[in-house]
Amino acid sequence: MSTLKIATRDHRVSFRPGEEIAGAVAWQLDQALRTVELRLFWFTRGKGTSDVKVVQTVSFDSPKREEARPFHLAAPSEPYSFSGKLISLIWALELVVEPGKETERLEIAISPSGEEIVLHKLDRGADIASATRDGTHG
Amino acid sequence: MNDGGRKARAPVSMKARDNPFSSDRILSIRYRLHDLTWEQLMRRLAGMDYRGALVGAQGSGKTTLLEDLEPALRARGFQTKWFRLHQSMPRFSSASLQTFFSTIERDDIIAFDGAEQLNRLAWEQFKIKSRKAAGLIITTHRPGWLPTFLECVTRPDLLEEIVRALTPGGAQEILPPTAELFLRHNGNLRNALRELYDFYAARPG
């Protein structure tokens, strides 16, 4: 039975650009390992084709079968985490071990507010605010 | 001024990340064989000397099946080399073709997705060059390019099965009936599932 874990300091999953993303990873595997990597990457999800880009990688040297290691990364300046109706851009940390197919993923948000920017919420909010000001709504 | 209250009550559409019909979730559904096992399928392919066509209409799963053959071919000692053409890229340059065939070895099987994009002359040339490979499996909308290895056919119950796999329990009740959806898209499952994406995108998240 294999176990992979990613934990950020104070269980944080929201970060501003440039902030430190720190924490620890742990693994417990049945077989000997060649490599263990933690990847910080973004991917898109939605109606169209998915894109993915690995932005930073931390390699853990000489991994034992069972171990825990700390990590420190910096939240990139862009792109921001966002969601619309058609596409979401999602940041994540992923622990990848080889050989093997097991991975562990932790989704996080990176933006100036530290929260995912919700596009249609902004649009609707702006529409309603505008309509209310004009007296055409409600 | 109570705009804040209004905003709080406004329904927010479902985020793309939460849509059960996002493209990555749809792609996670692999080809489902009907009345045939994988073992039988691979035996049929071997009997055709690994040269055959997956034939079917758009959105019938030809590309998915071609992708799913790769691990089965690997298990039999073959490497798959991919060649893809589609409507937005219907041709290849002679240089790219030359580069492609320079990488082909005797234990390679060429997986050619979208063979019908070629004109007949280009296809004949491709077929001749492909003889150095251990096999050639293509996808086309119509038969007649290579002996048909499998016809990919869609059915309303297949669409129903996929919808059930993608939606949380009980959610099917709010969806348009799959039989109607199937007819509206002439059996094109990809387009039917895209309609369901839009259906969910318009719903409050």
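Proteins come first, then strands; the chains are lettered A, B, ... in the order of their sequence lines, and each starts at number 1. Note that the coordinates shown come from a computational prediction; the quantities given were computed from them, not determined experimentally.
Other residues, nucleotides and ligands contribute only 12 or fewer heavy atoms inside 6.0 Å of the CD atom of B/Gln98. In this structure, B/Arg106 places its CZ atom where only 12 or fewer heavy-atom neighbours from other residues, nucleotides or ligands lie under 6.0 Å away. No more than 12 heavy atoms of other residues, nucleotides or ligands lie within 6.0 Å of NE2 in A/His11, so this atom counts as exposed by the packing criterion.
Using a 4.5 Å cut-off between heavy atoms, A/Ile90 touches chain B through its side chain atoms alone. With a 4.5 angstrom heavy-atom cutoff, A/Ser88 touches chain B via backbone and side-chain atoms both.
Note that the CZ atom of B/Arg17 and the CD1 atom of A/Ile87 stand 12.5 Å from one another [nearest 0.5 Å]. With values rounded to the nearest 0.5 angstrom, A/Leu119 atom CG is found 11.5 Å from B/Ser13 atom OG.
Contact check for B/Asp198 versus A/Lys47: side-chain heavy atoms found under the 4.5 Å cut-off.
Under the 3.5 Å distance criterion, the side-chain polar atoms of A/Ser83 are left unmatched by any main-chain donor or acceptor of B/Ala16.
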